[in-house]
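Counting starts at 1 for both ligands and their atoms, in listed order.
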Amino acid sequence: MKTFDPHDVGELGAEILRAGPICDECLGRIASKLGRGLSNAERGVQIRECLSGTGIEGKAGTCWVCGDLFDRIDEWVRQAVGCVEELEFATYLFGVKLTPRLEQMEAFYEERFPSAHREPLKHSFNRMSGIAFERLLGRAVTVKFTAPQVSFVADLNTNELSMHVLSLYVYGRYCKLERGIPQTKWPCRSCRGRGCEACEFTGKQYPDSVEEIIASSLIDLAGASSACLHGAGREDIDARMLGTGRPFVLELLNPKKRSVNVTDAHLRVNEVAAGRVTVSPLTLVHRRTVAWAKELRATKKYRALVEFAEPIDAHQLKAELESLVGEIKQQTPHRVAHRRADRIRLRTVHEASGQLLDDTHADVVVHGDGGLYIKELISGDEGRTNPSLAGRLGMQAKVTDLDVLEVCSEDVDESMVLSDGLS
Ligand SMILES: [Zn+2]
Ligand SMILES: [Zn+2]
């Protein structure tokens, strides 16, 4: 690439200078892609110098294109540095929201003085802000255009700087060894979360949740503002989650610290959870792992304690359970109809077996598709699930205890794992 020759844009530069007062940055932007090692302001100065002998002089005054926007970069950057004093991060990005007037002036500038070598105003402002930010910060950080750990937007309409901190995502699998714990916070039914006497002004229907139990230590370790658990499906509140556990991604919002030691975190979570919940070793993962967990269509193994209305024998139980293997039509169960669309879903039972405990009780194990409602597979839900164990036996049957024995899925693969929170 050849070095910058201001004569290449001399003609255009002259026209621009005649149009009104313009800053060196905006003048130099028309030649931004020419040459190397110069700032736009330096290019602007050279264009001006090259024209000085021709009698064309720039008019003094506020830049008619940007309103001297570049003079205020230091101010924005000082504010940005103030915001990140206690923040650990390695990547950042600056953005700007122009006023409608500035948008118009920039569009007019581009249309009236077209140049193939120009850098747009926004781009230039963001880049220059980044350079100034890195210099003032005095720590090694790099600009990143997708999913930066910290991003700023200078809003010229309100003169306010906003900052967004990328969440930190932690992957693991949890087991729930105690019944009656919801997966996520459940707002109080009486007050819908506002706080009332029924919930002792906690706003919650249940004192805690798997989410809160896992999150408390991690929020602490990362200095996060809050957390959100994204589970690969969820079990009923009264069902235990056993085996190797259910995959989840815990999102830690606004983390002050990203270099969280996940080995320590793992131990602390299990200590705090005191055997009610346990988690597998944890890893830091990419944001896209949330979508992966949400879309995971794992089959599941359940164990159900079943009570029958009349005595049955072991052969009957075995035969009718085996007859359930195959496709099941399930209309949305009564108990969830208030929150799910009423329609018929097809689910597969892959395996079903059981053992009689006495002549009216059995221990039943079912391996089925994700989304198969086990309680209804047993009870029939007044004919809404077909076939069902109750339907086959011609008597009432109901689940009195339910456990998820296994969520049959792989863990996240290497491409989703971060070597540390700062990468
Ligand atoms: Zn300007
Ligand atoms: Zn309440």
Side-chain H-bond candidate by donor/acceptor type, Thr385 with Gln330, under 3.5 Å: yes

Check ion pair Arg246-Glu235 (N to O, under 4.0 angstrom): yes

Arg384 bridged to Glu376 by N-O distance under 4.0 Å: no

Rounded to 10 degrees, the angle SG of Cys23 makes with SG of Cys66 at the Zn ion (ligand 1): 110°

Sole residue of Arg127, Arg29, Lys33 in side-chain hydrogen bond (donor to acceptor under 3.5 Å, both in side chains) with Glu119: Arg127

Nearest-0.5 Å distance, CZ of residue Arg276 to CZ of residue Arg240: 14.0 Å

Every N, O or S from the protein that is nearer than 2.8 Å to the Zn ion (ligand 2): Cys188 SG, Cys191 SG, Cys196 SG, Cys199 SG

From CA spacing to verdict: salt bridge (Lys or Arg N to Asp or Glu O under 4.0 Å), Arg179, Asp403: CA-CA 9 Å; Arg179 300 181 196 283; Asp403 294 325; 3.1 Å; yes

